[in-house]
> 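Please find one structure pasted underneath; my questions will follow.
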Amino acid sequence: MKLAVSHPWDLSVEEARALQARLAAQVIAELTFDPAAIQTIAGIDVGFRGEIARAAVVVLRFPSLEPLDSACAEVPITFPYVPGLLAFREGPSVLAALERLSTWPDLLIFDAQGRAHPRRLGLASHLGVILDWPSIGCAKSRLIGVHDPPGDAAGDWAPLYDGEEMVGAVLRTRPGVQPIYVSIGHRVDLPTAIEFVLRCTRHHRLPETTRYAHQVAAGEELPIGQQQLRLF
DNA sequence: GCGACAG
DNA sequence: ATCTTGTCGC
């Protein structure tokens with residue numbers, strides 16, 4: 001499906017930061033949909049092979065987490081890795097992959113930060129805004145902010161602060177493993193974002209959405225329509 | 001000036 | 001992210 005998205009990606013570092021500051025004002029930091037109506041959730045991740053970015057999107061049925069659809073796209077890299085400007089490096093490939101989807105998801109979960117960003121516009125919020133679609137940021141490590149260590153039980157979390165502002169949550173998805181960084185992307189609130197990440201998590205630190213997307217981005221096969229093996 | 005820094 | 005073997009722990 002074609003996406004009605006017109007967005008400038010070929011910008012200088014200074015222009016990119018200025019654009020983020022403007023787009024950040026468009027983030028809707030509230031729940032604008034009915035959580036009970038969510039039937040599909042997409043996991044999004046990007047891998048790199050030399051000078052090529054390979055983005056993968058996997059759509060899972062919710063809450064069963066059964067893979068329904070997936071798509072990937074390879075795009076030449078045109079922007080360097082600059083902390084805080086990840087969207088300008090991975091954004092184009094993610095949009096290309098989304099365009100190849102045949103099943104549009106109700107919610108997007110990114111392997112990146114959302115609001116927990118210097119200008120409140122991590123990749124998850126950035127794409128959420130330009131697509132004007134519900135999104136959540138779910139990162140493996142910290143970009144900004146300070147926090148106390150979350151409790152040891154699955155589901156325990158600690159607020160992530162940037163100064164006086166709470167920008168996300170440091171969530172323990174499994175006992176005894178490093179927590180992950182959850183923040184709102186667009187059109188959701190933090191409690192709901194945390195809830196969905198937890199409900200997408202099975203036996204691993206990362207939610208199934210992210211794990212499937214990571215596999216596809218790495219070139220592996222996705223067991224769509226097949227019975228899922230229980231290896232644990 | 002020094003250190004931090006999603007993927 | 002990516003380059004890379006063995007190794008510690010459940």
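Given the structure is predicted, the values throughout are model-derived calculations rather than measurements. Quick note on labels: first sequence line is chain A, next is B, and so on, each numbered from 1.
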> Of all the heavy-atom pairs spanning Pro76(A) and Ile52(A), show the shortest one and how long it is.
CA-CD1, 3.8 Å

> Please report the interatomic distance OG1(Thr173(A)) to CD1(Ile194(A)), rounded to the nearest 0.5 Å.
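Rounded to the nearest 0.5 Å, the OG1-CD1 separation comes out at 12.0 Å.
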
> Grab the CG-P distance between Leu86(A) and dT2(C) for me, whole Å please.
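The distance from CG of Leu86(A) to P of dT2(C) comes to 13 Å, rounded to the nearest Å.
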
> Counting a pair only when it is Watson-Crick or G-U and both distances are under 3.5 Å, which runs of at least 3 such pairs involve DNA chain C?
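If one scans DNA chain C for consecutive Watson-Crick or G-U pairs, no stem of 3 or more turns up.
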
> Measure the distance from CD on Gln20(A) to P on dA6(B) and round it to the nearest whole Å.
14 Å

> So Ile44(A), base contact, sugar-phosphate only, or nothing? Heavy-atom distance under 4.0 Å.
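Since no nucleic acid heavy atom lies under 4.0 Å of Ile44(A), the category is nothing.
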
> May I ask you to say what Gly84(A) touches in the nucleic acid, namely base, sugar-phosphate or nothing, with a heavy-atom cut-off under 4.0 Å?
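Base contact - Gly84(A) has a heavy atom under 4.0 Å of at least one base atom.
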
> Considering every strand and a 4.0 Å limit on heavy-atom distances, what is the contact class for Gln113(A): base, sugar-phosphate, or nothing?
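Gln113(A): base contact, heavy atoms under 4.0 Å.
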
> Should Ser141(A) be listed as having a side-chain N or O under 4.0 Å from OP1 or OP2 of dC5(B)?
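No, no such contact exists.
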
> Should Pro207(A) and Thr201(A) count as side-chain neighbours, where that means a heavy-atom distance under 4.5 Å?
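The answer is yes; the side chains approach within 4.5 Å.
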
> Rounding to an integer number of Å, can you tell me how far Glu90(A) CD sits from dG7(B) P?
9 Å

> In this structure, how many angstroms lie between the P atom of dC10(C) and the CZ atom of Arg205(A), rounded?
18 Å

> Using a cut-off of 4.0 Å on non-hydrogen atoms, how would the nucleic acid contact of Ile144(A) be classed: base, sugar-phosphate, or nothing?
nothing

> With a 4.0 Å cutoff (strictly under), does any side-chain N or O of Lys140(A) reach OP1 or OP2 of dA6(B)?
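No.
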
> With a non-hydrogen cut-off below 4.0 angstrom, is Arg142(A) in contact with a base, only sugar-phosphate, or nothing?
sugar-phosphate

> Quick check for you: to the nearest 0.5 Å, what is the distance between Arg120(A) atom CZ and Glu165(A) atom CD?
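If we round to the nearest 0.5 Å, Arg120(A):CZ and Glu165(A):CD are 4.0 Å apart.
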
> Once you round it to whole Å, what is the distance between C1' of dA6(B) and CG of Leu206(A)?
13 Å

> Measuring from Thr210(A):OG1 to His204(A):NE2, what's the distance to the nearest 0.5 Å?
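That separation rounds to 12.0 Å.
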
> Measuring from Glu195(A):CD to Ile136(A):CD1, what's the distance to the nearest 0.5 Å?
10.0 Å

> Regarding Tyr81(A), tell me which of base, sugar-phosphate or nothing describes its non-hydrogen contacts under 4.0 Å with the strands shown.
base

> Can you tell me how far P of dA6(B) sits from NE2 of His214(A), to the nearest Å?
16 Å

> For His126(A) and dG7(B), what is the distance between atoms NE2 and C1' respectively, to the nearest whole Å?
16 Å

> Starting from P on dG9(C), measure out to CD on Gln178(A) and report it in whole angstrom.
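After rounding, the reported distance stands at 16 Å.
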
> Rounded to the nearest 0.5 Å, what separation is found between the CG atom of Asp69(A) and the CZ atom of Arg61(A)?
11.5 Å

